[in-house]
Undergrad: 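Take this structure, written in structure tokens, and hold onto it; I'll ask about it next.
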Number of protein chains: 2
Amino acid sequence: MRTHQLVLAWIEEQLAAGVLAVGSRLPAERALAEQLAVSRTSVREAIRVLEAMGLVRSGVGSGPEAGTVITSDPAAALGATLRLHVAASQLPVADIVQTRVLLESWAAAHASADAPSLPVAAQLLARMEACTEVDAFLALDARFHVALAEAAGNAVVSAMMGSLRGAIEGYASRLTANLPDWASTAQRLRLEHASILAAVSAGDSTAAAALVTEHIEGFYREAGLRHGGAN
Amino acid sequence: MRTHQLVLAWIEEQLAAGVLAVGSRLPAERALAEQLAVSRTSVREAIRVLEAMGLVRSGVGSGPEAGTVITSDPAAALGATLRLHVAASQLPVADIVQTRVLLESWAAAHASADAPSLPVAAQLLARMEACTEVDAFLALDARFHVALAEAAGNAVVSAMMGSLRGAIEGYASRLTANLPDWASTAQRLRLEHASILAAVSAGDSTAAAALVTEHIEGFYREAGLRHGGAN
DNA sequence: TAGTTGCTGTGGTCCAACCACATGGCCTAC
DNA sequence: GTAGGCCATGTGGTTGGACCACAGCAACTA
């Protein structure tokens, strides 16, 4: 076993045992290196891995932002991993979109009408009304979909949904250049968002799932996703 | 931007441009460091991240196994990430199981009856007939489920399915200690596997999805998954 | 011809040093 | 007594160099 994996195993143990939890601070790199009798280099490699996994956040200086603290952002980490594999032509974008439809339609069907994230989603829709810039619109759109997914109450589905969205975010942004008229497309998306939110709030799970499916597939159909190998 | 992220960005560019592809060799660490005008340490940190993402494999010495080569094993990487977040109590095991049911029942329903991975799945079932040891049985079980998922032809679903299974593999193994009689449970699982495979081969997608759902939920119900916080 | 030996290049590990940064306490000037 | 500036401290970020184990291969030797 390589040295940095020893550090990773130690940290995983501490997490499983509850000694470390979200919000905890890891010992300083130099102290941890001495404690585990390894070099600071190996400790840093382990921390880089944990950072890529979305499990820790490192900051320099002093104060609350400094040091290495346990966080939990699985969506970003999974998204980055997927994005790299897409770049390596190992994961077709079409499969990502299809999986996203699968997860998100399930989430829409299983969302509870009184979930606290639904008002958040509604606020995001209000902000999108006045938003004309493409990338800002897409950023709000991403947050809306994540809020919708959270209403189903499954953290894994939410994280994977967000990661799928993030993995092809740049791709989706470039796709908008294919659209004949962004303003009209945006308006259509706004209406679809409102319909989805209404269906979820009304508890009409069948309609919600169908609307979500059509919403996502419709966008990529209009923007011209090439099936079978696009990246 | 930190130095190792610069290296990551460079490698992602090379991947996206097709200069690097699966099977390619990365330049040697010392050469890459000089080429990008960074230290070898930073190059190594980037490689550790890519390794954790399942994108590269490093080997010492000379020959085909040596050096750092581009691979693609997203399932293992995603699984390790999920496992750590489970250890940090941020992803409930129940949510992982639920997501697995979602993905796998979808895969069973969308599997094509003539997929090349179905004969592989059948072979795995034959080997499980004679397998009595728990961990070996679970290992074959994992491969069977992945083969089944691959029959649906969606690489992302397959990878996520495998990662979900891997993230709680150790957990499932410990759960078997709760079972009153492993031999009878194993026999039941074998019969269910055969039924699932038969339904998929017959193209009966509705039955296949229902059988998969009951198969997975039944196991965790019998083994006693504590809902809401077990890890 | 067959075996051995050493050269070469690879990643793996460690160390020592320096930098940039943010905080907090001390010290000075008013 | 207060306000301002300054430096000591501890953090991660980065670098260069050194050494090791390993696997292949070529040159050399018996």
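Proteins come first, then strands; the chains are lettered A, B, ... in the order of their sequence lines, and each starts at number 1.
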Undergrad: Figure out the CD/C1' separation between B:Gln5 and D:dG13, and round it to whole Å.
TA: 11 Å
Undergrad: Please give, in whole Å, the distance from D:dC22 P to A:Arg2 CZ?
TA: 15 Å
Undergrad: Going by the angle between their ring planes, with limits at 30° and 60°, are A:His215 and A:His145 parallel, tilted or perpendicular?
TA: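 Judged by the thresholds at 30° and 60°, the geometry between A:His215 and A:His145 is parallel.
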Undergrad: D:dG12 C1' sits how many Å from A:Glu45 CD, rounded?
TA: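 From A:Glu45 CD to D:dG12 C1': 16 Å.
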Undergrad: State whether a side-chain donor-acceptor pair under 3.5 Å links A:His110 with A:Asn154.
TA: no
Undergrad: Would one find a side-chain N or O of B:Ser39 under 4.0 angstrom from OP1 or OP2 of D:dT15?
TA: yes
Undergrad: Go nucleotide by nucleotide along DNA chain D from the 5' end; which of A:Ala28 and B:Pro64 gets its closest nucleotide reached first?
TA: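 Result of the comparison: A:Ala28.
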Undergrad: Apply side-chain contact (heavy atoms from CB on, under 4.5 Å) to B:Ile168 and B:Tyr220, showing your working.
TA: CA-CA 12 Å; B:Ile168 57 174; B:Tyr220 286 99; 3.3 Å; yes
Undergrad: Looking for any heavy atom pair under 4.0 Å, which part of the strands does A:Ala66 touch: base, sugar-phosphate only, or nothing?
TA: nothing
Undergrad: Check whether any side-chain N or O of A:Arg44 sits under 4.0 Å from OP1 or OP2 of D:dG13, and answer yes or no.
TA: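 Indeed, a polar side-chain atom of A:Arg44 lies that close.
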Undergrad: Which part of the nucleic acid, if any, lies within reach of A:Arg48 when heavy atoms closer than 4.0 Å are counted: base, sugar-phosphate only, or nothing?
TA: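 The residue A:Arg48 makes sugar-phosphate contact but no base contact.
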Undergrad: For DNA chain C, note the earliest and the latest nucleotide, 5' to 3', having some atom under 4.0 Å of a heavy atom belonging to chain A.
TA: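 Both ends considered, the range comes out as C:dG12 to C:dT23.
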Undergrad: Without decimals, in angstroms, what is the distance between B:Glu65 CD and D:dC22 C1'?
TA: 13 Å
Undergrad: With side chain to side chain donor-acceptor pair (under 3.5 Å) as the criterion, how do B:His85 and A:Ser72 come out once you've worked through the C-alpha distance, each side chain's angles and the decisive distance to 0.1 Å?
TA: CA-CA 7 Å; B:His85 283 278; A:Ser72 193; 2.8 Å; yes
Undergrad: Out of D:dG13, D:dA18, D:dT15, which nucleotide sits closest to the side chain of B:Thr41?
TA: D:dT15
Undergrad: Checking salt bridge (charged side-chain N to carboxylate O under 4.0 Å, His left out) against B:Arg40, which of B:Glu29, B:Glu34, B:Glu45 comes through?
TA: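 The single option meeting the salt bridge (charged side-chain N to carboxylate O under 4.0 Å, His left out) with B:Arg40 is B:Glu29.
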Undergrad: If I take atom CG in residue A:Leu32 and atom C1' in nucleotide D:dG10, what distance separates them, rounded to the nearest angstrom?
TA: 16 Å
Undergrad: Any Lys/Arg nitrogen of B:Glu51 or A:Arg48 sitting under 4.0 Å from an Asp/Glu carboxylate oxygen of the other?
TA: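 Answer for the salt bridge query: no.
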Undergrad: Round to a whole Å and report the spacing from CG of B:Leu36 to C1' of D:dT14.
TA: 15 Å
Undergrad: Using a strict threshold of under 4.0 Å (side-chain N to carboxylate O), is an ion pair present between B:Arg57 and B:Asp73?
TA: no
Undergrad: For the base of D:dG13, is there a side-chain donor-acceptor partner from A:Arg40 under 3.5 Å away?
TA: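 Pair found.
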Undergrad: Looking at the side chain of A:Val60, which of D:dT11, D:dT14, D:dA18 is the nearest nucleotide?
TA: D:dT11
Undergrad: Ignoring backbone atoms, test whether B:Ser42 places a side-chain nitrogen or oxygen under 4.0 Å from the OP1 or OP2 oxygen of D:dT15.
TA: yes
Undergrad: Using the closest heavy atom to pick a nucleotide of DNA chain C for each, name whichever of B:Ser62 or A:Arg30 lands nearer the 5' end.
TA: B:Ser62
